[in-house]
Amino acid sequence: MNPLSEIRARFSTTLSGMVEDPANLLSMIRPAGDSKFGDYQANCAMPLGKQLSKSPREIASEICESVQLDGLCQKIEIAGPGFINLTIDDDWLKNGLTAALVNERLGVTQVSEPKTFVIDYSSPNVAKPMHVGHVRSTFIGDAISKVLRFVGHTAISDNHLGDWGTQFGMIIYGYKHFLEEGAYQQEPVAELGRLYKYVRKLMDYHAAVKRLPELEAAQEELKSKQADLESTDSEGDKKAEKQLKKQLRQLRSKIEDQAQAVVELKAKISEVDGDAGLARDASAHPNITLNAQLETAALHEGDATNQGLWEKFLPLCREDMQKIYDRLDIEFDYELGESFYHNELANVVSDLTDKGYTKESDGAICVFLDNHNAPMIIQKRDGAYLYSTTDLATIKYRMEKWNADACLYVVDHRQSEHFEKLFDVARLWGFGEVELAHVAFGTVMGPDGKPYKTRSGDTVGLSGLLDEAESRALEIATNQNPELTEDRHREIANVIGIGGLKYADLSHNRGSDYEFSYEKMLALRGNTATYLQYSYARVQGILRRTEADVESIRTNPGEFIFENAVERQLGLKLIRFGEALDEVLVEYKPNVLCNYLFELSQLFAQFFDKCSVKDANSEDLKKSRLQLCDLTARTIRGGLELLGIGVLDKM
RNA sequence: GCCCCGAUAGCUCAGCUGGAUAGAGCAAUUGACUUCUAAUCAAUAGGUCGCAGGUUCGAAUCCUGCUCGGGGUGCCA
């Protein structure tokens, strides 16, 4: 039991005697903003005062008289307009720490009503190389799953692979026309990757050739519009002048964007034109885009050849993808991709239609929703199904198979409108009970403040990114501890490199964009994985040097002693691990856990500085400090584990 | 056009379901290694929480308007 829920439980009794539903008031009990006010503060007297037409301080004293905090709080004070400041009783804290010490779960209680969560994350397109954009979904989803499981829920992780999309049409087309047999025999996945990129290039080329003149014409038009505006006289009208300036500014930025686009198109064209082989294939395959689409369509319609190729390619691609997941140490319970649902799509449409929810519009089958202008299209004019159709089939499956209480979609924030519509349609369809949540996240930015790209403008490939992270980590590990063996350096590099990458991602509020930087990610100081891992290693150093018998500490604990103020602070922080986990799950925010672990590590560093274990002036104090050390190490290790990050005994 | 999101220290970011004097890290300045790992700690400095109103005991947080930026916007995923 963590202090906060214990305090709330006690207040609950009192408050329910005063109002009908105290839930809102209970949420106003929180950790104190400033430690001089105590450990926790209850802010419920102020609003209650208004509600009951009494002075808040009067209410506060009524609450204080009635609430049973014996044994839990040693100090209860009313301050300011009616704050109730609470200080946790030292004996209660010590008992709690002892309970955590002897408990494998560090004293974190399991939820009383376990629920079943289905978490949909990572979800890359197979056969396309994974890139930096996939890391957030993967890390955040994995961390949320682990926290859910730890607190006692059932979390089913499901990697909703894009394994049925247009990329297979492209690869099939490539296979039929551009295959290099020898390369395919030797390294089939690499050859398929090459084919994908090759077809992509040719498609981009034709699109660029078509688009370039249009864009240049549009550019001219904008420029003449700009000239017009520049010569317009606002005749001293300030409002008109402001308007004009704004339009001009917008126009200039649009022109700039277009100029950039023109440069990119030209680069794509010249890349093909400059290569004899590419140029030849480009002119020999003028309709490659359409034909690749037709290959996809043929696959979907059950064409035997394409079906056979798909069945041959898919395992190869998945195996390749698995290598990345292995490096990241990410596992899924299920990997039911889009292809898994393709036979259900027609049923989705017919069922919704039978129930009267669909409407035909411009030949497409749509579900119109009150709060959205555009409908959700579930079948295209040409009869093909869409992402939305698959997602609906997926919800149905997840409800029927797992009877989920909640489905979480860890997906890019740009798709929020899609999910709003999806959830509305799902509820309309009859899935009203399940919690459907889009756990959205922001973009990974480069140092220029734009989405992280390579210099040439391509997305950053994930495997190269991991290589870079590890090689930089290796350099740091080698510099930091030159005396260790190369194998040890590699092991350290792996743990701090991958850990640093994950932590950099998870420690940011998922909703915001963040700037990616190898330097910051692997920085030795600050809110980084390295700092937390180092704290853990320092504890292990203490345990080694004092030759502590950790087993006996855990099975036969002594009393906790708070000699120095920081020991109490550390103890209080340790006991609040469960609060941090609860907090993570309120809005599915792993950064809450990162912050907790960082603060814990900072307190430990202070403790390390001020409170020697080895030279403690009594055996009892030494034992108490060893207990704090052991609990700190286990909390850091356990917390990092929930984030998918490892630790090292020495680094 | 319409919809959504953002703007907090020089930089990168927390905090946002209203709470007391707005926090951290980096960078800057200063101090601490014969010491359980200095991949550390202590200290100083740094702010009109985009702007203007409003709601109230109390606003970075809620509401309205504005400015700037990003994203989305019927047959891609």
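Residue numbering restarts at 1 for every chain, and letters A, B, ... go by the order of the sequence lines. Computation of the quantities below employed the complete heavy-atom set of this structure, encompassing side-chain atoms and omitting hydrogens, waters and symmetry-equivalent molecules.
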| request: State whether A/Lys128 places a side-chain N or O below 4.0 Å from either non-bridging phosphate oxygen (OP1 or OP2) of B/A77. | output: no

On a heavy-atom basis, the closest approach of A/Ala473 and A/Ile496 is CB-CG1, 3.7 Å

Rounded to whole Å, the CE-C1' distance (A/Met170 to B/A77) equals 13 Å

Quick tally for nucleotides 30-42 of chain B: nucleotides whose base has a protein heavy atom under 4.0 Å get B, sugar-phosphate-only ones S, the rest -, giving ------BBSBSSS

Separation of B/G72 atom P from A/Leu422 atom CG, nearest Å, is 19 Å

Rounded to whole Å, the CE-P distance (A/Met376 to B/G74) equals 12 Å

Here the distance between atom C1' of B/C76 and atom CD of A/Gln379, to the nearest Å, is 16 Å

- B/G31 and B/C16, which share atom name C1', separated by this distance in whole Å: 37 Å

dist A/Trp310:CH2 -> A/Phe168:CZ (nearest 0.5 Å) comes out at 7.0 Å

Whole-Å P distance, B/A38 and B/U8 = 37 Å

| query | Quick one: does NZ or CZ of A/Arg538 land under 6.0 Å from the six-membered ring centre of A/Phe604, within 45 degrees of the ring axis? | reply | no

Symbol by symbol from the 5' end, with Watson-Crick or G-U pairs under 3.5 Å, [ ] crossing and | another strand, RNA chain B is (((((((..((((.....[...)))).(((((.......))))).....(((((..]....))))))))))))....

Nucleotide by nucleotide, nucleotides 54-62 of chain B touches protein heavy atoms under 4.0 Å in the pattern (B base, S sugar-phosphate only, - none) --SB-----

* Distance only, no hydrogens: is a donor on one side chain within 3.5 Å (strictly under) of an acceptor on the other, for A/Gln480 and A/Tyr534? -> no

Rounded to whole angstrom, note down the P distance from B/G69 over to B/G23.
32 Å

Atom CZ of A/Phe598 and atom C1' of B/C26 are separated, to the nearest Å, by 11 Å

Rounded to the nearest 0.5 angstrom, the CG-CD distance for A/Asp630 and A/Gln540 is 8.0 Å

Paired with A/Thr358, the side-chain contact (heavy atoms from CB on, under 4.5 Å) test is passed by just one of A/Thr353, A/Val425, A/Ile377, namely A/Thr353

Can you tell me if CG on A/Asn371 sees more than 12 non-hydrogen neighbours from other groups inside 6.0 Å? yes

Whether A/Phe83 stacks on the six-membered ring of B/G19 base, 5.5 Å and 30° limits: no

note: A/Ile29, atom CD1; B/G19, atom C1'; distance rounded to Å ~ 14 Å

How far, in whole Å, is B/G19 from B/G58 if one measures between their P atoms?
14 Å

How about CD on A/Glu435, more than 12 heavy atoms from neighbouring residues, nucleotides or ligands closer than 6.0 Å, or not? yes

Practice task
Would you classify A/Phe368 as touching base, sugar-phosphate or nothing, given that sugar-phosphate means primed atoms plus P, OP1 and OP2, and contacts are heavy atoms under 4.0 Å?
Solution key: base

Base, sugar-phosphate, or nothing: which does A/Arg414 touch, judged by heavy atoms less than 4.0 Å apart?
-> sugar-phosphate

Taking every heavy atom of A/Ala393 against every heavy atom of A/Leu345, the minimum-distance pair comes out as CB-CD2, 4.1 Å

**Prompt:** Is there a donor and acceptor pair, one atom on the side chain of A/Gln41 and one on the base of B/A20, closer than 3.5 Å?
**Reply:** yes

C1' atoms of B/A7 and B/U61, separation to the nearest Å:
14 Å

Residue set satisfying ring-ring contact (aromatic ring centres under 6.0 Å, His included) with A/Tyr40, at least two apart, ordered chain then number -> none

Of all heavy-atom pairs linking A/Pro56 and A/Met46, the shortest is CB-CA, 3.9 Å

For A/Ser123 and A/Asn159, the nearest pair of non-hydrogen atoms, with its separation, is N-OD1, 2.8 Å

**Prompt:** If the C1' atom of B/C13 is compared with that of B/G47, how far apart are they to the nearest Å?
**Reply:** 15 Å

Between B/G72 and B/A24, how far apart are the two C1' atoms, rounded to whole Å? 33 Å

Of all heavy-atom pairs linking A/Asn481 and A/His489, the shortest is O-NE2, 2.8 Å

Taking for A/Ile377 and for A/Asn85 the nucleotide of RNA chain B with the nearest heavy atom, the one nearer the 5' end belongs to A/Asn85

A/Leu25 CG to B/G19 C1', in whole Å, measures 14 Å

_Tell me whether the rings of A/His160 and A/Tyr341 are parallel (<30°), tilted (30 to 60°) or perpendicular (>60°)._
tilted

Under a 4.0 Å heavy-atom criterion, the protein footprint on nucleotides 1-18 of chain B, written with B, S and -, is -S---------SSSS---

*Which whole number of Å gives the distance between the P atom of B/U30 and that of B/A45?*
15 Å

Would you indicate what A/Ala79 reaches in the nucleic acid, counting non-hydrogen atoms under 4.0 angstrom: base, sugar-phosphate, or nothing? base

Whole-Å distance, A/Ile378 CD1 to B/C76 P, equals 15 Å

Please check if atom CD in A/Glu483 has more than 12 non-hydrogen atoms from other residues, nucleotides or ligands closer than 6.0 Å. yes

Applied to residues 491-513 of chain A, the side-chain hydrogen bond (donor to acceptor under 3.5 Å, both in side chains) test, sequence neighbours excluded, yields A/Arg136-A/Asp505, A/Glu470-A/Asn494, A/Arg488-A/Glu491, A/Tyr503-A/Asn527, A/Asp505-A/Tyr514

